[in-house]
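Below is one structure; the comments refer to it alone.
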Amino acid sequence: MPYSSFAEIVDAAHRCGPQRVAIAAADDRDTLQAAQAAAIEGIAASTLVGNAATIRSLAHELSIPLDAMQIIDVPDPRQAAVRVMELVRSGQADIAMKGHIDTGDFLRAALDRESGLRTGRLLSHVGVFEIPGFDRLILMSDAGVVVAPDIVQKAEIVKNAIQVAHALGIVEPKVAILAATERVNPKIPTTLDAAYLAKMADRGQITGGIVDGPLALDNAISAKSSSIKGIRSPVAGQADILIAPDIEAGNMLAKAITYFARGRMAGLVVGGQAPLIVASRSDPHDSKLVSMAIGIVMAARAKQ
């Protein structure tokens, strides 16, 4: 059964057993609180890479015991990210997580040809949303990594999102390729890309889900809207995954969900040797915990 709430994802992480999470620049309040919550839940054992003195000071201030967490003293955030990738590459950690470090610096470490986590696949961000009034989780990509994807990159983004959906129990996710309209219009290039992606799925070039587009946001998630417009599609009104045309649209949609709709967001970057947790520094620790839980479920699935 597909998971329909963040609580169910955390429960699934319990069943996967504790995984090892290496955190770059872990000298951050919310990050330490997320690591503590993961330890209390029994879903992760964290290695804290960063300024050891600051980590210990913050932990003391927050009454966080560090007995079960390893600390590696690497004060420079960029070097801390490099060290985290080395831990994952060497099999000493299953998941890499960003702490108090710029996302770009963290991802550059992941993409380093010598010490990073490259696999030859595209790295892309997949957001997972728990939205009031919805009976299911909604996935969305890419709102954080690929700025202006071409058609080849969009196909990879779809494949990565389907992989996350499978880990969350969605056996055959319905994927909506978003555009401003559901009609193919040569004057709107995103509608052409959407049509290409749908046909690629029809021909078996994208597998594991049902892909359709172009679809506007309303007829992707609202059965009533798609019915009024007479759209006949196995995805319309039932989308599990929303694929944004570019990072700007994806970022705006993600923030609209969280700030206007009061939805909760978690997520991770996939396509590398291990899940990458890149929650925003402004995200509360409970959202970071759910992001860790998603990564834990995916890491366990990869081991199987």
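All values below come from the heavy atoms of this structure, side chains included, with hydrogens, waters and symmetry mates left out.
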Assess whether side-chain contact (heavy atoms from CB on, under 4.5 Å) is satisfied between N51 and I55, documenting all intermediate values. CA-CA 6 Å; N51 188 310; I55 290 171; 5.6 Å; no

With a 4.5 Å limit on heavy-atom distance, are the side chains of I206 and K159 in contact? yes

Would you compute the distance between atom CD of Q33 and atom CG of L289 and round it to the nearest 0.5 angstrom? 11.5 Å

Is the count of non-hydrogen atoms from other residues, nucleotides or ligands lying under 6.0 Å from K224 atom NZ greater than 12? no

Who else is in F129's hydrophobic cluster (ILVMFWY, side-chain heavy atoms under 4.5 Å, direct or via others)? I131, F134, I138, M140, L178, L217, I221, L242, L253, I257, M265

Here the gap from D94 atom CG to R20 atom CZ, rounded to the nearest 0.5 Å, amounts to 4.0 Å

Give a yes-or-no answer on whether the side chains of S225 and D218 include a donor-acceptor pair shorter than 3.5 Å. yes

So, for I95 and M292, which heavy atoms are closest and what is the spacing to 0.1 Å? CD1-O, 4.5 Å

Do you know which two heavy atoms are closest between A161 and S141, and how far apart they sit? CB-CB, 4.5 Å

Within the structure provided, determine whether V128 and V290 are in side-chain contact (heavy-atom separation under 4.5 Å). no

dist I243:CD1 -> L139:CG (nearest 0.5 Å) comes out at 8.5 Å

Could you report the tightest heavy-atom contact between R264 and F6, atom names first, then the distance? O-CZ, 3.4 Å

Do H14 and D11 have side chains that get closer than 4.5 Å, going by heavy atoms? yes

Would you say R56 and L66 make side-chain contact, with heavy atoms under 4.5 Å? yes

Shortest non-hydrogen contact between S226 and A223, atoms and distance: OG-O, 2.9 Å

Quick one: does T31's side chain have a donor or acceptor within less than 3.5 Å of a partner on D27's backbone? no

How many angstroms lie between atom CG of L197 and atom CD1 of I177, to the nearest 0.5 angstrom? 5.0 Å

List the steps and the verdict of side-chain contact (heavy atoms from CB on, under 4.5 Å) for E130 and Y3. CA-CA 11 Å; E130 185 183 65; Y3 309 138; over 6 Å; no

Can you see which heavy atom on I210 is nearest to which on V235, and at what distance? O-CG2, 3.5 Å

Going by the salt bridge (Lys or Arg N to Asp or Glu O under 4.0 Å) test, which pairs reach into residues 192-202, not counting sequence neighbours? K154-D193, K199-D202

Taking everything shown except Q205 itself, do over 12 heavy atoms lie less than 6.0 Å from its CD? yes

NZ/NE/NH1/NH2 to OD/OE distance under 4.0 Å, K288 and D28: yes

So, do K98 and T103 sit near enough that their side-chain heavy atoms are less than 4.5 Å apart? yes

With a 4.0 Å cut-off, would you call R89 and E86 a salt bridge? no

Contact between V175 and D240 at the side-chain level, heavy atoms closer than 4.5 Å - yes or no? no

What pairs meet the salt bridge (Lys or Arg N to Asp or Glu O under 4.0 Å) rule with one or both residues in residues 107-119, with sequence neighbours excluded? D105-R108

Quick one, P149 and I157 - any side-chain contact, counting heavy atoms below 4.5 Å? yes

Under 3.5 Å, side chain of S46 to main-chain N/O of I23, donor-acceptor pair present? no

Distance only, no hydrogens: is a donor on one side chain within 3.5 Å (strictly under) of an acceptor on the other, for T191 and N185? no

Between atom CG of L276 and atom OG of S291, what is the distance when rounded to the nearest 0.5 Å? 12.0 Å

For residues V171 and H166, determine if any side-chain heavy atom of one lies less than 4.5 Å from a side-chain heavy atom of the other. no

Minimum heavy-atom distance between L48 and M69, given as atom pair plus value: CD1-SD, 3.8 Å

Output for pair (R121 CZ, N160 CG), nearest 0.5 Å, gives 4.5 Å

Just checking, any donor-acceptor pair under 3.5 angstrom between side chains of S57 and E61? no

Give a yes or no on whether K255 atom NZ has more than 12 heavy-atom contacts from other residues, nucleotides or ligands under 6.0 Å away. no

